Protein chains: 2
Amino acid sequence: MAEVRARCEEEKLRLTPARECVLNALLEAHRAMTAYELLDRLRDEGLPHQPPVAYRALDFLVEHGFAHRIERLSAFVACTHGSDHHAAAFLVCRGCRTVAESKLPAPIRGIEETMSRESFTVERLVVEAEGLCAACAEAGTDTP
Amino acid sequence: MAEVRARCEEEKLRLTPARECVLNALLEAHRAMTAYELLDRLRDEGLPHQPPVAYRALDFLVEHGFAHRIERLSAFVACTHGSDHHAAAFLVCRGCRTVAESKLPAPIRGIEETMSRESFTVERLVVEAEGLCAACAEAGTDTP
DNA sequence: GCATAATTGTAATGTTATAACAGTTCGGCT
DNA sequence: AGCCGAACTGTTATAACATTACAATTATGC
Ligand SMILES: [Zn+2]
Ligand SMILES: [Zn+2]
Ligand SMILES: [Zn+2]
Ligand SMILES: [Zn+2]
């Protein structure tokens, strides 16, 4: 959080109350949260809590690399790697919705050939592995 | 479509009218369609058209590998590779919503180490590249 | 034929996301 | 200090996507 504040100072970004509240919630949760869960948090903090408030804060956080959207969950997590808008892969537990973030250093074999064959311009790459984390696999969340 | 009918015969799957109508729509479209677009199609064909009809047909088609869900679009495409429930990567054009499917032969470098470190069990892998297809890049869909 | 499992029909509801627009605050400029 | 335009906020309304629940029907194996 201190890191984030520093980066905002440095890059002249405005970390307004709603944005800070949303980021704090994500940092504390250590798991993916939906926009509406974040709205609840905003309400608890006495901040305005109509849907656009959360979505605007999330747009800001995602745009500047402080958070990521998890497509599989229609939900959001705090970024666990400092650097700006990097490509990443996510391990998404369907049991507890925790998300582990892994840097994505290498291009993905199999996709580049199709890309070049179709001359497709990639702007964003989504890589999400859905499954069970160690704790949920142990607990048998799949076959209760 | 003939192929699909053959596989259903072989595996004793019931390709009911709603399921067939939805699959036909997807095969003809050559692009991702939402559940509600498919409901319109069902209505046009005189079939029932409440949301669960489309979602149930799509569940069937996805489960048996005849279609894929594109998370980025909350939409669905027909599978362009015959074999059953294979991993795949998708090139998703944000201009025209066409989707190119690429087989995903190799594991993704960078994600396995995190997987094993966290002892995470992967059940499904989502790989979607969002960008512009050649036609849309040409047409300048991004800066109109 | 009869039990069972799979599928269908339908209403109601829940969840996720955006459009639109008036008002306010911020930062740079003169 | 006063003004401008850009960024941001507050709010209402609505669009788009998805599921629950339950009764009714149809297929399949014995
Ligand atoms: Zn990150
Ligand atoms: Zn878990
Ligand atoms: Zn496929
Ligand atoms: Zn296109």
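In what follows, chains carry the letters A, B, and so on, assigned in the order in which the sequence lines appear, proteins first and then strands, with residues in each chain numbered from 1. Every value quoted in this text rests on a predicted model; they were computed, and no experiment measured them.
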Could you tell me whether A:Arg72 and A:Glu130 have a side-chain N and a carboxylate O separated by less than 4.0 Å? yes
Could you identify which residues of residues 23-33 of chain A place a heavy atom less than 4.0 Å from some atom of DNA chain C, listed by residue number, or say none? none
Less than 4.5 Å apart, side chain to side chain, heavy atoms only: is that true for A:Met1 and A:Glu20? yes
Rounded distance [0.5 Å steps], CG in A:Leu58 versus CZ in A:Phe76: 4.5 Å
Distance check needed: D:dC17 C1' versus B:Asp59 CG, whole Å only. 14 Å
Near DNA chain C, counting only heavy atoms under 4.0 Å, which residues of residues 36-49 of chain A show up? A:Tyr36
Which two nucleotides bound the region of DNA chain C that has atoms under 4.0 Å from heavy atoms of chain B, read 5' to 3'? C:dT7 to C:dA11
What N/O pairs connect the protein and nucleotides 28-30 of chain D at under 3.5 Å? Give each pair on its own line.
none

Heavy atoms of B:Gln50 and B:Leu39 approach each other most closely as O-CD2, 3.3 Å
Nucleotide D:dT26, atom P - distance to CG of B:Leu15 in whole Å: 19 Å
Can you tell if the side chain of A:Phe120 reaches within under 4.5 Å of the side chain of B:Cys133, non-hydrogen atoms only? yes
Let me check the geometry of the helix from C:dG1-D:dC30 to C:dT30-D:dA1. What is the bend angle between the axes at its two ends, five pairs each, to 10°? 30°
Below 6.0 angstrom between ring centroids: does that apply to B:His81 and B:His68? no
What is the distance, to the nearest angstrom, from the CG atom on B:Leu73 to the P atom on D:dC17? 10 Å
Taking for B:Pro17 and for B:Pro52 the nucleotide of DNA chain C with the nearest heavy atom, the one nearer the 5' end belongs to B:Pro17
Starting from the 5' end of DNA chain D, give me the residue, A:Val53 or B:Arg69, whose nearest nucleotide shows up first. A:Val53
What's in the same ILVMFWY side-chain cluster as A:Ile70, cut-off under 4.5 Å, chained through other members? A:Leu73, A:Val77, A:Phe90, A:Val92, A:Val99
